[in-house]
Amino acid sequence: MQHDGICPEDQKRWEGVRQRLRAELGDAVYSSWFTRLELDRLNAGTIYLSVPTKFLKSWVQSHYASRIKARVSNEFENIEHVVIDVRSSARKAKPRDGAGESEASTPHLAEKPQTPYIVAAEPVETSAAQRRPARAVAPRGENDSVVGSPLDRRLSFSTFLVGPSNQLAYAAACRVADARPGDTPMFNPLYAHAAVGLGKTHLLQALAHATNDNRRRAVYLTAERFMSGFVSSLTTQTAHAFKERLRAIDMLIIDDVQFLQGKSIQQEFCHTLNALIDAGRQVVVAADRPPSDLETLDERVLSRFKGGLCVDIGPLDESLRAKILGARIAAAQEMQPGFHVPPDVINYVARTIVTNGRDLEGAVNRLLAHVTLNGAPLTVETAETAIRDLVRTQEPKRVKIDDIQKLVASHYNISRSDILSSRRTANVVRPRQIAMYLSKVLTLRSLPEIGRRFGGRDHTTVLHAVRKIEELVSKDKSLAEVIDLLKRILNEQ
């Protein structure tokens, strides 16, 4: 294939791309996903890359396309597109450059040509933090290590600002971190939940740092990383080793558990959870909602969550928001010594930005841009203009499908089991369609998820119901009024 015709200069540039990716992502991530990504050819402003399997292609293009695009732009000139494809059978049959037997023996996944994945190559600016190599949890040895998600050293207990809304969660995390080897966990599992940007990831990473610093083996994993690790172990036939290594650690920390998907993955997570807790090892979990609202997770997993300590990180109060602003401004002043924010501006921003810490950080960035680009001192009036796009209305209430089903059943004088049943009588079909419609417009659940919550129905049934109610509402004023009433009740409960 054209691979053999690549000139030494282009191959040298490609090696530069690989080294940059390794430095940014760390050895563990690079070894998992990039060692088998190869340069095939360059032609008419397009660089062609290949991997040996369809699964690897899908994972790389879904999770790392932007990084590859940025690094290619840095090393190669006049490249407009990046194509990632699956190597042909002939390519995979010949190990090269030290490729192992697993690559050479990978079965061909499709006889027809794969549709290439194309991304436009354009320069991407990266911050100093993004350019630093990601720090993964340090392995303890070849046989007992599990590669965790990268940790940020800035996210420690010393930089976690405490207020009334997060004091209990902070105290519980500190107690867990202070445990000594051999101690029976006091809170197991520890389950923390909070909306976006309120500090749960900061708290979890701080806990991982403190535990590892105390010479105990803690692994921090996002739900996505746990899923990818499990799937990868299946494809490489190392699932048993993956399970054994994961269950040999002292503390497992799982972030964003609401994203855990797939029956087999949830079953494996449940087995791991049970094995660790029964062995007296600590488990810490975080999500964006309490366990009772994780409608798609296995009941056995939820039962374990509910049996531990569940702590809520609530909205930031004004005094805590002011403390966060002060810390962010101090960090900005290290880069821009002349950056000054008057107290009345800090107070104004703390009163106005009521959502989360990320928006507060965004506000500081906007204020810094105003000072450095306009050269004018900050006032409340200029701050109001600078942060205008961050001033949001309060997030709408999260509505649960169970509540929708109960309310609709009560309104139409039928039971919730009628809505979930296979009955096709008119007095049941219409309320069922209305409940499906409300589930679609009032929740973030997908059509397949909604179908499963309505007695295991197909997503096409839900789509038909949504379209049917939309059509009827446009013609039937009384039905439109009923649905508006149901929406108001659900949003006000």
Spacing of CG belonging to L276 relative to CG belonging to L246, to within rounding of 0.5 Å:
6.5 Å
Report yes or no: does D418 contribute a side-chain atom to a donor-acceptor pair with the main-chain N or O of S415 at less than 3.5 Å?
yes
Between the side chain of T159 and the main-chain N/O of S156, is any donor-acceptor distance below 3.5 Å?
yes
Holding to side-chain hydrogen bond (donor to acceptor under 3.5 Å, both in side chains), I want the full list of residues that pass it with T372, two or more places apart in sequence or in another chain.
none
Ring pair (Phe, Tyr, Trp, His ring centres under 6.0 Å) partners for Y437, two or more places apart:
none
Could you check if a side-chain atom of L198 sits within less than 4.5 angstrom of a side-chain atom of L316, using non-hydrogen atoms only?
yes
With sequence neighbours excluded, tell me which residues meet side-chain hydrogen bond (donor to acceptor under 3.5 Å, both in side chains) with D278.
R304
Sub-3.5 Å donor-acceptor pair from the side chain of Q405 to the main-chain atoms of R453, do we have one?
yes
Would you indicate whether K323, at its atom NZ, is surrounded by more than 12 heavy atoms from other residues, nucleotides or ligands within a distance under 6.0 Å?
yes
Contacts of T460 meeting side-chain hydrogen bond (donor to acceptor under 3.5 Å, both in side chains) (sequence neighbours excluded), chain-then-number -> D458
Taking the side chain as everything from C-beta on, heavy atoms only, tell me whether V284 gets closer than 4.5 Å to F187.
no
Do Q282 and V176 have side chains that get closer than 4.5 Å, going by heavy atoms?
yes
Is a side-chain donor or acceptor of S303 paired with a backbone partner of E299 at a separation under 3.5 angstrom?
no
Say whether, by atom type as modelled, one donor and one acceptor occur between the side chain of T461 and the main chain of R457 under 3.5 angstrom.
no
Taking CG in L444 as the centre, count heavy atoms belonging to other residues, nucleotides or ligands within less than 6.0 Å. Is the count above 12?
no
Closer than 3.5 angstrom, by distance alone: can the side chain of N188 be matched with the main-chain N or O of V283 as a donor-acceptor pair?
yes
Anything under 3.5 Å between a donor and an acceptor, one on a side chain of residues 324-346, the other on a protein residue two or more places apart or in another chain? List them.
unit_1, atom_1, unit_2, atom_2, d
Q333, NE2, F339, O, 2.9

Would you confirm whether R289, through its side chain, and A195, through its main-chain N or O, come within 3.5 Å as a donor-acceptor pair?
no
Do we see a donor-acceptor contact under 3.5 Å between the side chains of S228 and E224?
no
Among L207, L252, T201, which one satisfies side-chain contact (heavy atoms from CB on, under 4.5 Å) with Y220?
T201
Would you sort out whether R416 and D402 count as a salt bridge (charged side-chain N to carboxylate O under 4.0 Å, His left out), showing the intermediate values?
CA-CA 9 Å; R416 180 170 174 264; D402 286 350; 3.0 Å; yes
Short side-chain to backbone donor-acceptor contact, N212 and A218, under 3.5 Å:
yes
Nearest-0.5 Å distance, CG of residue L407 to CG of residue L490
5.0 Å
Y348 vs I387 side-chain heavy atoms within contact, under 4.5 Å
yes
side-chain hydrogen bond (donor to acceptor under 3.5 Å, both in side chains) involving Q433 - partner list, sequence neighbours excluded:
R430
Any side-chain heavy atom of L190 sitting closer than 4.5 Å to one from V285?
no
Please examine the side chains of R467 and L463, heavy atoms only from C-beta on, and report whether any two atoms are closer than 4.5 Å.
yes
Polar side-chain atom of T382 near backbone of L378 as donor-acceptor pair, under 3.5 Å:
no
With sequence neighbours left out, the residues meeting salt bridge (charged side-chain N to carboxylate O under 4.0 Å, His left out) with R300 are D298
L438 CG to T443 OG1 distance, which is reported to the nearest 0.5 Å
10.0 Å
Between R432 and I419 (side chain of the first, backbone of the second, donor and acceptor by atom type, cut-off under 3.5 Å), is there such a pair?
yes
Excluding sequence neighbours, so at least two apart, what forms salt bridge (charged side-chain N to carboxylate O under 4.0 Å, His left out) with D250?
R217, R281
Restricting to pairs with a member in residues 257-298, which pass ring-ring contact (aromatic ring centres under 6.0 Å, His included), not counting sequence neighbours?
F226-F269
Charged N to carboxylate O under 4.0 angstrom, D152 versus R154?
yes
Name each donor-acceptor pair under 3.5 Å that joins a side chain in residues 163-171 to protein atoms two or more places apart or in another chain, with its distance.
unit_1, atom_1, unit_2, atom_2, d
S165, OG, P315, O, 3.4
N166, OD1, G163, N, 2.8
N166, ND2, L161, O, 3.1

Could you tell me which residues satisfy salt bridge (charged side-chain N to carboxylate O under 4.0 Å, His left out) with R20, sequence neighbours excluded, listed by chain and number?
E75
Would R153 and D213 count as a salt bridge (charged side-chain N to carboxylate O under 4.0 Å, His left out) if you check the C-alpha gap in whole Å, the side-chain angles of each, and the deciding distance to 0.1 Å?
CA-CA 12 Å; R153 262 295 173 191; D213 290 344; 3.2 Å; yes
Residues at least two apart in sequence or cross-chain that pass salt bridge (charged side-chain N to carboxylate O under 4.0 Å, His left out) with E449, listed by chain then number, are none
